[in-house]
Amino acid sequence: MRLTPPIKQMKQWILAWQLRGQQQLARWGIREQTLLIGLSFIVGLLAGGATWLFEQTVKLIENYYYLPAVKSTHATTWWPCYVFLPLIPAGGGLALVLWRRLWGRQKSELHGLAGLLHSLSRESGKLKASLGIETLVASSLTIGTGGSAGPEAPIAVIGASIGALCGNTLGFSRRNMPILLGCGAAAGISAVFGAPIAGVLFAMEVLLRDFSVRTLTPIVISSVMASTMYVGLSGGGAARGIFQMPTTGPALAFTFGQIPYYLLLGAVCGLLAVGFTRFYLLVENYSQKHRSRIPYFLHPAIGAALSGVCGVAMLIIFRDDPFLHQRFAQGYIPIFSDGYPTILRMIDPRWYSGAHSIAGHTINLTLEFLVVICVLKILATSFTLAPGGSGGVFAPALFIGAAGGGAVGLVLSHYGLVSDPATYALVGMGAVLAAAIQAPLTAIILLFELTQNYAVMVPIMLAAVTATVIQQLLVGESLYTLPLKKLGVKLGSAVGISALQRIGVDQLALAKAQIARPDEPLSSILTRSHLDGVEDFVVMDKTGNYLGLLTLDDLKTVLLEPEAAPLLLVREVMRADVPPIKFHDTLDAALTMFGRFDISRLAVLDDVTPAGKTPALLGFLTRSELMKRYQQELAGDLTV
């Protein structure tokens with residue numbers, strides 16, 4: 001894209017300002033790692049403010065579009081008008097499509113946390129700040145108009161984009177950019193639940209997969225500051241977020257005899273997570289398969305309409321229930337939006353003991369209700385998000401787990417095995433979350449922070465680990481990593497992979513590359529190899545286009561029959577299957593290519609090329625140089 005003179009001058013001014021600032025900080029002896037600690041305060045405060053803004057935007061759309069549309073059309077009160085209900089979230093889907101077309105800056109097909117994970121694993125945290133604005137508006141349109149999705153992943157992406165904006169503004173190195181994105185994501189989760197520790201674990205377990213002290217410190221600071229900022233803006237007196245636990249929680253009391261029941265709960269929750277993941281993937285694949293038949297930009301609206309059909313099914317099934325009839329008249333459908341009010345009822349013991357009544361009718365959560373909303377939530381969420389809607393699966397996973405866990409609790413209670421089904425709804429909530437996102441530590445600590453009761457630890461540990469193992473055995477991926485797997489991106493874990501993902505090829509010394517022409521006789525190449533001591537050649541045509549590699553192994557094969565060398569040309573023996581690597585690619589991508597093609601050198605091409613020009617050859621990246629830098633990073637020998 002060509003820059004207009006004012007924009008180009010502004011960009012030059014910003015770059016100059018960054019350079020002067022870095023030089024001044026170096027004179028003062030302030031290292032980038034130290035600056036990272038200070039910046040984590042700012043990222044946390046901004047992410048906490050963004051969480052509050054996101055919440056208000058969703059409420060605004062809900063109050064001025066969704067509720068008036070439902071009430072004016074009688075879509076939830078008079079059965080002939082049920083047909084209007086699917087059109088309301090479909091309108092949100094159309095608004096989402098229009099917004100993306102008008103904004104037009106996010107070209108990637110990976111949305112939400114899948115896109116963030118791709119950025120962290122393949123681009124060293126290279127993220128456009130505009131993604132935060134796109135996500136805020138798109139997810140508000142989806143959730144505020146009744147789409148079945150949660151606010152957690154969008155808020156994490158918004159927080160990460162704030163971290164990227166701060167890091168880019170100050171010219172941070174690629175080594176520290178992933179940490180800033182993790183700071184923003186942790187801050188977002190912390191503000192949603194009022195759970196700073198869970199926010200930290202989410203960033204380190206799901207996103208960065210790095211538990212080093214260097215990473216931990218700034219993320220903890222951002223997480224705490226975000227929770228504090230959100231509480232201040234929302235007027236709360238305690239560390240509480242968008243999701244707030246009921247004042248009367250389950251009576252948590254774990255005994256040895258309950259171990260089989262919680263293992264059973266974990267198995268059920270694992271199967272629910274598997275079913276959720278597979279149906280989500282089924283809808284996503286169907287949507288992508290039919291792009292040519294149905295315009296792709298219509299898919300979010302069609303998916304939203306199908307989620308509305310799930311709402312109609314619920315209206316029909318429970319239209320004679322006095323409590324739900326009252327809620328339907330208010331425009332509330334339990335499976336729409338984030339479903340937080342229904343989750344809170346499912347983990348409140350009073351809704352199982354008949355403590356509530358309406359017009360003389362005692363209100364209890366029934367097994368039928370829990371099973372139906374569990375299934376419909378899986379369907380509605382998949383229809384909303386898989387075709388291209390914007391939102392997260394965090395809240396739906398909590399909802400599905402609470403419904404499934406409550407159902408298990410009711411069955412056990414019916415046979416006199418347990419006394420409080422709400423406890424199983426609470427533990428199930430965390431177990432499905434742990435399995436769906438493959439993050440048991442995050443789920444365990446989240447429940448502990450929400451309940452502030454240590455008695456929940458052993459039950460959730462048993463159920464979460466059981467559910468996670470089942471998901472791992474039957475699916476092998478989380479809802480966040482499945483889209484990456486389809487693109488051939490394999491996420492690693494721990495510090496080693498993190499080091500490979502945050503170092504770019506541009507940070508390594510490149511070896512000089514010799515060029516061979518495709519029509520050059522192989523005898524000439526053998527002579528050059530002997531005289532210059534060159535083992536590998538980059539094959540390029542006369543216009544500078546990359547064609548492949550000629551490796552030492554190829555030359556060894558020819559040396560076995562030297563009399564054939566004058567008769568062979570380079571194009572006949574070169575490795576055309578080996579692609580080049582880009583100058584700003586990360587080392588994990590390079591290591592994957594080294595292993596896949598079993599070579600010791602890769603051609604490095606410039607990825608910043610003027611329009612109409614061929615990418616310039618910059619040199620060779622050697623396997624030995626990559627491993628040397630990798631070992632230095634693990635040993636902590638690098639200086640910022």
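Throughout, residue positions are numbered sequentially from 1 according to the sequence presented.
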To the closest 0.5 Å, what do you measure between SG (C310) and CD1 (I373)?
13.0 Å
Does S223 use its side chain to pair, donor to acceptor, with the backbone of I219 at less than 3.5 Å?
no
How long is the straight-line distance from OG of S140 back to CH2 of W99, given to the nearest 0.5 Å?
10.0 Å
Starting at CE of M314, measure out to CZ of F369 and round the result to the nearest 0.5 Å.
4.5 Å
Shortest non-hydrogen contact from G184 toward A47
O-CB, 4.2 Å
Partner residues of E62 under the side chain to side chain donor-acceptor pair (under 3.5 Å) criterion, sequence neighbours left out:
none
Tell me the side-chain hydrogen bond (donor to acceptor under 3.5 Å, both in side chains) pairs involving residues 146-159, sequence neighbours left out?
S148-K377, S148-T381, E152-Y340
Are any of the side-chain heavy atoms of V469 and L473 separated by less than 4.5 Å?
yes
F597 CZ: over 12 foreign heavy atoms closer than 6.0 Å
yes
If you round to the nearest 0.5 Å, how far is CG of L376 from CD1 of I317?
5.5 Å
Which word best sums up how the rings of F193 and F394 line up, parallel for under 30°, tilted for 30 to 60°, or perpendicular for over 60°?
tilted
Distance-only, no hydrogens or angles: does the S190 side chain make a donor-acceptor pair with backbone N or O of A186 under 3.5 Å?
no
Taking I581's backbone N and O only, do any of them form a donor-acceptor pair with D585's side chain (distance below 3.5 Å, no angle check)?
no
Under a 3.5 Å distance rule, please check whether S307 uses its side chain to pair with a backbone N or O of A380 as donor and acceptor.
no
Between L433 and M429, is a side-chain contact (heavy atoms from CB on, under 4.5 Å) present by the stated rule, with each step listed?
CA-CA 6 Å; L433 175 67; M429 183 174 78; over 6 Å; no
Using 0.5 Å steps for rounding, measure from the CG atom of L379 to the CD1 atom of I335.
8.0 Å
So, for I343 and A402, which heavy atoms are closest and what is the spacing to 0.1 Å?
CG2-CB, 4.4 Å
Donor-acceptor contact below 3.5 Å, side chain Y546 vs main chain P615
no
side-chain contact (heavy atoms from CB on, under 4.5 Å) evaluation trace for L474 with L271
CA-CA 9 Å; L474 298 181; L271 293 175; 4.1 Å; yes
Determine the minimum heavy-atom distance between Y65 and I88, stating which atoms define it.
OH-O, 2.8 Å
For the CG atom of L602 and the CG atom of L549, what is their distance to the nearest 0.5 Å?
7.0 Å
Taking the ring of F279 and the ring of F383, is the distance between their centroids below 6.0 Å?
yes
Ignoring hydrogens, what is the shortest heavy-atom contact between P154 and G391? Give both atom names and the distance.
CG-CA, 3.7 Å
Scanning both residues in full, the closest heavy-atom pair of G405 with L265 reads CA-CD1, 3.6 Å
With sequence neighbours excluded, residues passing side chain to side chain donor-acceptor pair (under 3.5 Å) with D607:
H584
Quick check: closest heavy atoms across V97 and P300, and the distance to 0.1 Å?
CG2-CG, 3.9 Å
Any donor and acceptor pair, going by atom type alone, linking the side chain of N545 with main-chain N or O of D541 inside 3.5 Å?
no
Does any donor atom in the side chain of T277 or Q471 lie under 3.5 Å from an acceptor atom in the other side chain?
yes
Quick one: does S337's side chain have a donor or acceptor within less than 3.5 Å of a partner on G339's backbone?
no
Side-chain donor or acceptor of T481 paired with backbone N/O of S478 under 3.5 Å
yes
Does the E205 side chain pair with the main chain of T442, one donor and one acceptor, at a distance under 3.5 Å?
yes
Note, T384 side chain near P387 side chain (heavy atom, < 4.5 Å):
no
Are L479 and F276 close enough that some pair of their side-chain heavy atoms sits under 4.5 Å apart?
yes
Distance only, no hydrogens: is a donor on one side chain within 3.5 Å (strictly under) of an acceptor on the other, for T142 and S139?
no
Any side-chain heavy atom of F318 within less than 4.5 Å of one from V372?
yes
Measuring only between side-chain heavy atoms, which start at C-beta, is R575 closer than 4.5 Å to V539?
no
For R100 and S390, what are the C-alpha separation, side-chain angles and deciding distance, and is it a side-chain contact (heavy atoms from CB on, under 4.5 Å)?
CA-CA 11 Å; R100 283 177 174 165; S390 183; 3.7 Å; yes
Does any non-hydrogen side-chain atom of F583 lie less than 4.5 Å from one of L605?
no
Any sub-3.5 Å donor-acceptor pair from H299's side-chain atoms to I294's backbone N or O?
yes
Are the side chains of K582 and V604 in touch, meaning some heavy atoms are under 4.5 Å apart?
no
Going by atom types alone, do T342 and Y332 pair a side-chain donor with an acceptor below 3.5 Å?
yes
Does some side-chain heavy atom of V192 sit less than 4.5 Å from a side-chain heavy atom of E55?
no
